[in-house]
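Presented below is the structure to which this report refers.
Keep in mind that what you see is a predicted model, and the values were worked out from it rather than measured.
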Amino acid sequence: MTGHRCTCTLGVPEVVDFGGIGNDGETTVHSSDVLLLRNLQQFGWCPIRIPTEQIGHPPPTQQKILQMFRDYRRKNNSGQHIDQSCTSFVDDVKYVSSESGSKEGTVEPKESLEIELSSCIPTDTKTSTFPLPLPAQYHQEPSHDNNNASIKTWCQAMSWIAHQVCIRLDIPPNTFLSYHSTNTSSSSSSSSSSLDLMRVFHYYAVSVPSINDDDNDTEQLILGSSPHTDWGSLTIVWQDHVGGLQTYCRNCQSWIPVPPPSCDTASEHTWNVIVHVGDMASLVLDASQITSSFRSTESDGARSDCCLEPIANDSNLDCSVKSEISCSSSSWPSPKHRVVSSPLHERVSLVYFAYPPSNATLNGIHSTLHNWQPRHRTSCLPLDEYYLLQDQSSHSDIINNKNNNNNKTLTAAEMLTAIWNLPIQDIVRLKWKQVYRGSNDVGKNSKNNSSEEGENDDSGNDSSLTG
Ligand SMILES: O=C(O)CCC(=O)C(=O)O
Ligand SMILES: [Fe+2]
């Protein structure tokens, strides 16, 4: 499998253990929180270990997820894997048989199940809650005919983890994550339904016959997920022991495997997850404010090893130039990542995509987090690196003029300006339109859209990014 150890000075982020002693998660900042902060600032991702007893439900197993997919395929009367693109619902869970995330439109050899967080909230939670209740609600022993309940439990657990990350970093509520509201159907402007969703992936084992036997050096890579950054605020990934998730090290310009849990550590006693910084968080972040909250209790002995670099105050320095100099200081990069399919082993993962409140804007979140103008942000990641700011439509979509009404391609900087004051929900809807192919489906909220608005993705109601 391609990918090797990162040889540059950055190394890889150390695992953060949420089970450390004295963790009250509220007032005291502990060394594990400092490590979490440093990892996200420096690498844009961080492996986290959480004792199952904190979550109240064991992590999934590969076996359980594979059985689940067999069940859903049977329900969909489809024994097929890759050939035909289809989406269908079993209650709240959407089955997606194939998709593509690349501009080339290549079908990625995987299938997925998708659930929106708003479908997973216990019905007795009528008011907004923060953090979300632990998934005790679904604590019943999962059985084969109870797949949806298991998926909801996992989604709630992943959501809880995302909230814990924010609490530990002292990130203000309703910036990276929304207070939860069950009120998804309300059109009241004061209520903001959560856009968060979880996807369960099954990556097929795919091998490509070698064209030239002598050509041993040429590795045939099959990508279960093409290179991308995540659009939202935070992503939480649980992967099985097979591995295949890789992160691009912009420093040494190579793909680095994100170590999967070994069979030993992949026990029911521990959730091993990865947290990724998403594009929206990366774009709005002023690290200095959060860093300063860590500095304010410098006398705390547990934090004596805290040596966070102050954010560079050369904020007028051109971003791309800064990235040439160093991406190792507090920049909260949105990590580019991909999934390489194994020729031998099936792989499963849970991926929880967290978004800011749906009616927030990047501008508003930015103001809450700090008082800068966007062009003065200190992030050293060049704007071209954000997939949120790229048109990810396949070439054929662009040629067919489906997504780009006047054929004008915006630069990343123009795109940032175009989306800066848009409600997050409009940005997300536009992004899903770019990557979902093979059906009229518009991805997230498609079910809600069709029932509420009675129209498909050609709706004229969407904001346009085409200037
Ligand atoms: O399956 C994984 O490990 C990651 C998938 C991913 O990056 C994504 O769907 O955005
Ligand atoms: Fe991703």
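Between the N39 side chain and the W45 main chain, no donor and acceptor come within less than 3.5 Å of each other. Looking at S233, its side chain does come within 3.5 Å of a backbone N or O of F176 through a donor-acceptor pair. Remark: the backbone N or O of F201 is not paired with any side-chain donor or acceptor of K110 at under 3.5 angstrom. Judged by distance alone, with hydrogens and angles left aside, the side-chain atoms of Q390 form a donor-acceptor pair with the main-chain N or O of D384 at under 3.5 Å. For the pair S32 (side chain) and V16 (backbone), a donor-acceptor distance under 3.5 Å is absent. Judged by distance alone, with hydrogens and angles left aside, the side-chain atoms of D240 form a donor-acceptor pair with the main-chain N or O of V348 at under 3.5 Å. Side-chain atoms of T52 come within 3.5 Å of backbone N or O of E268 as a donor-acceptor pair. Between the side chain of S282 and the main chain of W332, a donor-acceptor pair closer than 3.5 Å is present. When atom types are taken as modelled, the side chain of H337 and the backbone of P335 share a donor-acceptor pair closer than 3.5 angstrom. In this structure, the side chain of N272 does not engage the main chain of P261 through any donor-acceptor pair within 3.5 Å.
Within the 4.5 Å cutoff, the side chain of V90 has heavy atoms near those of the N148 side chain. Considering only heavy atoms from C-beta on, L389 comes within 4.5 Å of I419 through its side chain. Contact of the W231 side chain with the I427 side chain is not registered, since no non-hydrogen atoms from C-beta on lie closer than 4.5 Å. In this structure the side chain of P333 never reaches within 4.5 angstrom of the side chain of Y386, judged on heavy atoms. Within the 4.5 Å cutoff, no side-chain heavy atoms of Q425 are placed close to those of Y355. Using a 4.5 Å heavy-atom cutoff, the side chains of R429 and D426 are in contact. Put simply, the side chain of L350 reaches to within 4.5 Å of the side chain of I65, judged on heavy atoms. Residues S349 and L245 form no side-chain contact, since every pair of their non-hydrogen atoms from C-beta on lies 4.5 Å or further apart.
Here the closest non-hydrogen pair linking R347 and G244 is NE-N, 4.1 Å. In plain terms, the two heavy atoms of P58 and W154 that are nearest each other are O-NE1, 4.1 Å. Heavy-atom minimum distance, S112 versus R199: OG-NH2, 3.0 Å. Summarising the geometry of T361 relative to N421, their closest heavy-atom pair is CG2-O, 3.3 Å, with the distance given to 0.1 Å. Among all heavy-atom pairs drawn from V242 and E346, the shortest one is CG2-O, 3.2 Å. The two residues P109 and L223 have their closest heavy-atom pair at CD-O, 3.4 Å.
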After noting the C-alpha distance and the side-chain angles of Q54 and Q164, does the key distance pass the side chain to side chain contact (heavy atoms under 4.5 Å, CB included) rule?
CA-CA 11 Å; Q54 279 189 26; Q164 285 303 306; 5.7 Å; no
Yes or no on side chain to side chain contact (heavy atoms under 4.5 Å, CB included) for N147 and V93, after CA distance, side-chain angles and deciding distance?
CA-CA 9 Å; N147 289 330; V93 176; over 6 Å; no
Apply side chain to side chain contact (heavy atoms under 4.5 Å, CB included) to the pair I151 and Y72, showing each step before the final yes or no.
CA-CA 12 Å; I151 290 179; Y72 281 102; 3.7 Å; yes
Show your working on side chain to side chain contact (heavy atoms under 4.5 Å, CB included) between H366 and W420 and close with a plain yes or no.
CA-CA 10 Å; H366 177 81; W420 193 248; 3.6 Å; yes
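Atom CD1 of residue I55 and atom CZ of residue F18 lie 9.5 Å apart, to the nearest 0.5 angstrom. Note that CD of Q246 and CZ of R338 are 4.5 Å apart. Values are rounded to the nearest 0.5 Å. T368 contributes atom OG1, which lies 9.5 Å from atom CG of N363 (distance to the nearest 0.5 angstrom). Rounded to the nearest 0.5 Å, atoms CD (Q41) and CG (L36) are 10.0 Å apart. Taken from CG in L35 to CD1 in I48, the straight-line distance is 10.0 Å, to the nearest 0.5 Å. Remark: L40 CG to C46 SG distance equals 5.5 Å, nearest 0.5 Å.
There is no side-chain donor-acceptor pair under 3.5 Å between K64 and Q67. A donor and an acceptor atom, one from each side chain of D391 and S393, are located under 3.5 Å apart. Using a 3.5 Å distance cut-off with no hydrogens or angles, the side chains of E385 and S334 do not pair a donor with an acceptor. Between the side chains of S159 and Y352, at least one donor-acceptor pair of N or O atoms lies under 3.5 Å.
In this pair, H228 and Y387 present their aromatic rings perpendicular. The plane angle is above 60°, beyond the 30 to 60° band.
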